[in-house]
Amino acid sequence: MAEDDDPQAPAESLFEAPPMGEQERMVEAILFASADPVPVSDLAARMPHGSDPAEALAHLRKRYEGRGVQVVRVGDAWAIRTAPDLGFLMHKEVVEERKLSRAAIETLAIIAYHQPVTRAEIEEIRGVSVSRGTVDLLIEQGWIRFGRRKMTPGRPVTFVVTPEFLDQFGLESARDLPGLKELRAAGLLDNRPPPGGPGDEDDDGEDGDQSELFEE
Amino acid sequence: MAEDDDPQAPAESLFEAPPMGEQERMVEAILFASADPVPVSDLAARMPHGSDPAEALAHLRKRYEGRGVQVVRVGDAWAIRTAPDLGFLMHKEVVEERKLSRAAIETLAIIAYHQPVTRAEIEEIRGVSVSRGTVDLLIEQGWIRFGRRKMTPGRPVTFVVTPEFLDQFGLESARDLPGLKELRAAGLLDNRPPPGGPGDEDDDGEDGDQSELFEE
Amino acid sequence: MAGDEFQADVLSVSERMAAEALIVDVDGYEGPLDLLLTLSRTQKVDLRRVSVLQLAEQYLAFVEKARHLRIELAADYLVMAAWLAFLKSRLLLPPEPGDEGPSGEELAAHLAYQLERLQAMREVAATLMARDRLGRDFFARGIPEDVRRTRRVTYTATLMDLMQAYARIRTKDEFRPYVMDRDAVMTLEEALERMRGLIGFAGDWTDLTSYLPEGWQVDPGRRRSATAANFAASLELVKTGAVEIRQSDTFAPIQIRKRHDG
């Protein structure tokens, strides 16, 4: 450079500055390892005499253009940062699998068999109140959603199962869910006839209810 | 690529992986963002489906050859580290390290070269007992940890070195320990018991008996 | 002994200085093996060719000198001296017929091996410490960007779970799901269910037998089943960290208490 030949050049230039490629490496290493953004003056102080950190920075900045990280200016200082479009990589999702609680699976079963069904109806069938958390969990999981309001006093909301639910449980439609008779045949229920005999009103009524519900 | 047209291509290719250049940028961003080495499995988990972090790493490693920072392997993980020849620029970053005692240094070396190794074996090699403090210090530094128990009488615990140890000493794997091959060839890493040393036979016999008794 | 003292007195000044230098160093040695390694260096040969006999003599001379200067050597130095004296005699004398145990040569070879191994470990330790080090010669990222971790919980349930749940609800009033009638049997599940409720009240050590439900305490069959179920249930609770369990002796009462965190 012309400056080097200048008889007025400062005494420091007695020591030859490293080649620009080396200077660029130095800036790269310093920016990488520093805990804070580094001002140009700091770079100059740390690099060998006669170095030109500003020029090295310009080269380095260019080199990182379009890369996964970039050389960016932070106030008066410089730092290396993740390219903005790759921010999503700095996000790690940990998936944890848990078994559905008994309350949740029962609630889900009732909704599947009786949809559209109100909270009051679920509680009546289960015999216990349904916690808000249980319903929220099932909604969050994507297995149930709100159906249309019932045309009864108070116009309560109803719950129905979602396509995700069908997908999860390998069903074409909620109608494919086996009825009580089939459950019994599958050995899931005791084979003993209910106390009221075969014509038991309740049992029949249930099956009837169910099919009615599905036949909308 | 031809592979994409292959009807036999695996189902994963339904989701097209990003171009290799993009994958390289992603690996670059992830490695830059982390102070600790990142396992390849972590890279794969964070990159889009179908990505090939190993190939991207190979490209990236090449790209950084001779630069101010380098892509280095640490066990099963990868990290970016400043080039060792630029250490002189980093005086500011040097963390004053606790000076290790001679006992600690030798114990560390013995664990590295003989791992998995029991406390008794370390003592046999050094000819003096290993103090609790020495082992505690090395564990605290994160350089050694407990390995699996040895299948010898008494089932003693063993010590092995950690990935942090590899990182600290710039080793790709424990196989790259300096002089390892020569030591092995010279038989100096064999577990050579003393030839019926004074009292040793008796001790061994007892230990054996004991463990047999306890294992019933 | 008087003779020894006299001898020590007539040692020349330079000899005494040399002897003392050696003695002063004793503290610097990390045990007899370390000292032996240092002594072996005076032979100025490859450790593989070191003369163990000569080494044994050097060591014994060292110990003798220490005795002259009334330096108390640690027990392990004296043990090594005794062993080396034994080794020396083995190396010098022809083996007695019917002699058991390893030969002098075998013992000497092992000692040479130990010295060589210790020396090798010291050399690699030095090489290791001289390597470029993280945080000294090369550096990690100064401003690591934290990875945000989010936890997503997914729940699993099968169609079978769903149907069983429904069957359970729809049949609980009319009839029970299929179970065998076993009056005198308490299941682990029953005991667990019961104990989970009760354990909250057990602040201090309580005999496990006091957890037996009403009606299960007298009839031997029922009592046996309930005890076994309660015991299994308490182990289950211990496993989950809910309770602690203890038994002071074989056949002594088994006691449990609620576990207090921290």
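Chain letters run A, B, ... following the sequence lines, proteins first, then strands; residues in each count from 1.
For the pair B:Glu106/C:Leu118, a side-chain contact is recorded, criterion being any heavy-atom separation below 4.5 Å from C-beta on. Here the side chains of B:Arg81 and C:Phe139 are not in contact, with every heavy-atom distance at 4.5 Å or above. Looking at B:Phe165 and C:Leu128, their side chains come closer than 4.5 Å, going by heavy atoms from C-beta outward. Put simply, the side chain of B:Val72 does not reach to within 4.5 Å of the side chain of C:Phe138, judged on heavy atoms. Residues C:Gln114 and B:Glu124 form a side-chain contact, since some pair of their non-hydrogen atoms from C-beta on lies under 4.5 Å apart.
Among the candidates B:Ile122, B:Leu188, B:Ile110, the single residue satisfying the side chain to side chain contact (heavy atoms under 4.5 Å, CB included) test with C:Met121 is B:Ile110.
Contact detail for C:Arg141 and B:Phe32: the closest heavy-atom pair is NH1-O, 2.9 Å. Between C:Val124 and B:Ala109, the shortest heavy-atom distance links the atoms CG2-CB, 4.4 Å. The two atoms that bring C:Ala140 and B:Ala35 nearest to each other are CB-O, 3.7 Å, heavy atoms only.
Contacts of B:Ala79 with chain C are absent, with no heavy-atom separation under 4.5 Å from either backbone or side chain. For chain C, no part of B:Ile30 is nearby; none of its heavy atoms comes within less than 4.5 Å. Heavy atoms of B:Ile80 lying under 4.5 Å from chain C belong exclusively to its backbone. Interface remark: B:Leu100 contributes side-chain atoms only to the contact with chain C (heavy atom separation under 4.5 Å). Proximity to chain C is limited to the backbone of B:Ala83, based on heavy atoms less than 4.5 angstrom apart. Residue contact with chain C, scored on non-hydrogen atoms closer than 4.5 Å, is absent for B:Asp36.
Interface check for chain C: of the options B:Thr107, B:Leu183, B:Leu177, B:Leu171, the most heavy-atom pairs under 4.5 Å are formed by B:Leu171. Your options are C:Gly31, C:Gly142, C:Ala125, and the one with the most heavy-atom pairs under 4.5 Å with chain B is C:Ala125. The candidate from B:Ile125, B:Val128, B:Ile105 with the greatest count of non-hydrogen atom pairs under 4.5 Å with chain C is B:Ile125. When B:Ser129, B:Ala112, B:Pro178, B:Pro37 are compared by the number of non-hydrogen pairs under 4.5 Å with chain C, B:Pro178 comes out ahead. Of the listed residues (C:Arg122, C:Met129, C:Glu106), the greatest number of heavy-atom pairs within a distance under 4.5 Å of chain B belongs to C:Arg122.
Under a 3.5 Å cut-off, the side chain of C:Arg131 and the backbone N or O of B:Gly170 do form a donor-acceptor pair.
Taking CD from B:Glu182 and CD from C:Glu123, the interatomic distance works out to 12.0 Å, rounded to the nearest 0.5 Å. Taking CG of C:Asp132 as the start and CZ of B:Phe169 as the end, the distance is 11.5 Å to the nearest 0.5 Å. How far NE2 of C:His110 is from CZ of B:Arg192: 8.0 Å, rounded to the nearest 0.5 Å.
Other residues, nucleotides and ligands contribute over 12 non-hydrogen atoms within 6.0 Å of the CZ atom of C:Arg246. Atom CG of B:Asp76 has 12 or fewer heavy atoms from other residues, nucleotides or ligands within 6.0 Å. In this structure, B:Arg184 places its CZ atom where only 12 or fewer heavy-atom neighbours from other residues, nucleotides or ligands lie under 6.0 Å away.
B:Arg102 has a carboxylate O that lies under 4.0 Å from a charged side-chain N of C:Asp34, or vice versa, which qualifies the two as a salt bridge.
C:Ala82 meets the side-chain contact (heavy atoms from CB on, under 4.5 Å) test with no other residue; sequence neighbours excluded.
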